[in-house]
Every structure is written in C-alpha cells, then in structure tokens.
Amino acid sequence: MKKISIIVPCYNEQEVLPLFYAEITRVAGLMEEYAFEFLFVDDGSKDKTMEVVRAFAEQDERVKYVSFSRNFGKEAAMYAGFTHACGDYVAVMDADLQDPPALLPEMMDAIKKEGYDSVATRRVTRKGEPPIRSFFARCFYKLMRRISKTEMVDGARDYRLMTRKFVNSLLELGEYNRFSKGLYGWVGYKTKWLEYENVERAAGETKWSFWKLLLYSIEGIVAFSAAPLAIAAVTGLVCCLLAFVFILVIIIRTLLFGDPVAGWPSLVCVILLVGGLQLFCMGILGEYLAKTYLEVKERPIYICRESNTQPYNAE
Ligand code: UDP
Ligand code: MG
C-alpha cells in the first residue's frame, strides 16, 4: 500500500489542532487505498500545542511529531517535515484549515491519473485579507516575475502534494535561507495548479505580521535573483555618465563666461543624492553578503528537541 505523509507545521496552534485532526482523519478515511502518516512539526510553540499532539500520538500510531528547541520559522518546519516524511507521496498543509484537506483526493488523482509530479494550490481571491497586504503581495509577485528566472505564481500557497522524487530533489537544496515558493519552482517537474477561494482561519490567529512578510519577501528576492546588484551597478554607471556630461558643460561654460562663484545649494543637493545612492547600493550589497555569511556558517536549519520518528533515509 502506498503511503501519504502529511506535514503540518504548527506554531501556537492549540485551538485549531483538534479541528484539523478531525478533518484530516475524516479525509484519510475516504482514501482507503492509501496508508497515512500525519507528521506534526511543532515550531517551538509556547502554548499547549505539544500536549495536544502527544495526545493524538498516544491514540493514533499514524501521528508522528518533531518538536523544535525554539521557533525556527515555517520554512525550517517544512524542511524538517521533508527530512522526516517517509511516504511515497508527501503533502504540506497548514494547521489552520486554510489549506482544505478535502482537496487531497483530487490532488492525488492528478498525480496518479494525469501523471503530474506535484500538485500545487493557489487562491484566486484574497478575501478576508487587509487590502494593503494584498496590494504589496501582488507587487512582490510582479517584481519577482521580472527579475527572477524561477517561476513564482501569484497567490500560490505552500499547500502541495508531491511525489517522492520531487521531495528528494527538494532535500538536495539544503540552503539555510529557505524561500520554498522559489525552491518549488527551481526544482521544476510537472506541476498542476489547483485554484480555490481563500478560506479564513478556522481558529487562532495568523503568525505573520506585515513586517515579517516584508522581510520574508526580501529574503525571496535575495535568494532567487541577483538583479538588485545589476540595478545598483547600472545606476552607478548612469550617474558617472551624467557627471561626465556635467563636467564638460561646466568647463565649456567657464571658458566662455568665466567663473562667477555660485551654486553651493546645487552642490549640496548633488552630494546628498550621490551619497544616498552609494549607501543604498552598499545596502543591497550588504544584504547579499549577509545572506552569504549565514550560508557559509552552515548552521543546522532546525534543532530537534523531541520526536517520535527518525529522519527518513530515501535509499
Ligand atoms: N507557522 C510555523 N512557524 C511560524 C509561523 C507559522 O510553523 O513561525 C505555521 C502555522 O502554525 C500555520 C502555518 O505556518 O500552520 C501558516 O501560518 P499562518 O496561518 O499564521 O499564516 P497565514 O495563513 O496567515 O499566511
Ligand atoms: Mg493561515
């Protein structure tokens, strides 16, 4: 019997986990031809998430868990899920029921019958989300499509069903700064996109503030595009050319009309402008350097404090 592993990153999800568990076991019951593994990754929750998960594990041997020593972020939680999942198919799903488990049979059909390697989901509406957040999200995806070769889809969620081959490829990307929407696109394969309307959180509250999302998007840009560096270089070049033309103009003007001393305000403006540009470009450079620094330290992506399962060895 083929096995499906469901990876569920959880951070302070005590309220919603019982609802999620009820729903996922219901869906698993409908898919009798598969064995299941529910892999809860507790991302250093501060509430009773672990107690709830342990209680599930006691009465259901399909429930596995990995608990982190602190909060490492959803990306780390998903990575831990991939390393521990032993199924022939692997799905990632949020605990808050915003990724409807009921889509699973349809996703499985696309892999089995239509021959896809992974089935991804995207929401076509951003209903229930603050308008300003949707606006910036749209801008981000537009920008990414321009400056990165890796395909990233607007409204894509992390909810996905993948074959073992796809997961093994993902695991080969062991980078520290993980931006999974880009990683999925980078590994390629044939992916089918399912669309659905945005569902609101079943209980509890979102862990993503606007600020966290902004930093996350910068991570995405730095990880999947070197365009900001090129833009900095081009801006520098344009400034140089402008300065050169300016110098010529001034020399000719001085020769023709003499040199009446004036124009210090314009001088200050130019100094400020150029100084600002230099700092900005250095900032861009610094951002890449910082990411490289974190990467070469080769720190582990997560630290496991407690678990009832082993990292899975694919061979
Ligand atoms: N999550 C996590 N670590 C974090 C933040 C979130 O594992 O540091 C999990 C969270 O428990 C949930 C999923 O990631 O299962 C999505 O989080 P959330 O629903 O808060 O994000 P949103 O749906 O609002 O984008
Ligand atoms: Mg959510």
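Everything numeric in this text was worked out from a predicted model, so none of it was measured. In each ligand, atom 1 is the first atom listed, and ligand 1 is the first ligand listed.
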Plane angle bin for [Y] and [X] - parallel if under 30°, tilted between 30 and 60°, otherwise perpendicular:
X	Y	result
His84	Tyr302	tilted
Phe136	Phe210	perpendicular
Phe20	Phe40	perpendicular

| task | Return the residue, atom name and 0.1 Å-rounded distance of the protein heavy atom closest to atom 6 (C) of ligand 1. | result | Lys207 CG, 3.7 Å

| said: Looking only at protein heavy atoms, which one is nearest to atom 23 (O) of ligand 1, and what is the separation? | reply: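 The answer is Gln98 OE1, 2.6 Å.
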
Close-contact set for ligand 1 against [X] heavy atoms, below 4.0 Å:
X	result
Asp94	13 (C), 15 (O), 16 (C), 23 (O)
Asp96	19 (O), 23 (O)
Asp43	2 (C), 3 (N), 4 (C), 7 (O), 8 (O)
Glu13	10 (C), 11 (O), 12 (C), 15 (O)

| field | Tyr216 ring center near Phe179 ring center (under 6.0 Å) | value | yes

Ligand 1 to [X] polar contact by distance, N or O atoms, under 3.5 Å:
X	answer
Ala95	yes
Gly73	no
Lys212	no

| query | Nearest to the Mg ion (ligand 2), which N, O or S atom of Asp96 do we find? | reply |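 Among the N, O or S atoms of Asp96, the one closest to the Mg ion (ligand 2) is OD2.
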
| Between Cys10 and ligand 1, which part of the residue brings a heavy atom under 4.0 Å of the ligand: side chain, backbone, both or neither? | backbone

| query | What part of Lys74 sits under 4.0 Å from ligand 1 if we count only heavy atoms: the side chain, the backbone, both or neither? | reply |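 The answer is both, backbone and side chain.
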
| What heavy-atom pair brings Ser180 and Met78 nearest, and what distance separates the two atoms? |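 Ser180 and Met78 have their closest heavy atoms at OG-CE, 3.2 Å.
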
| task | Test the Arg70-Phe68 pair against the cation-pi criterion, namely NZ or CZ under 6.0 angstrom from the six-membered ring centroid and within 45° of the ring axis. | result |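 No; the conditions do not both hold, so Arg70 does not lie above the ring face of Phe68.
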
| said: Can you see whether Tyr116 has Lys190 sitting over its ring - NZ or CZ less than 6.0 Å from the centre and within 45° of the normal? | reply: yes

| message | Any salt bridge linking Arg305 with Asp42? Criterion: basic side-chain nitrogen under 4.0 Å from a carboxylate oxygen. | response | no

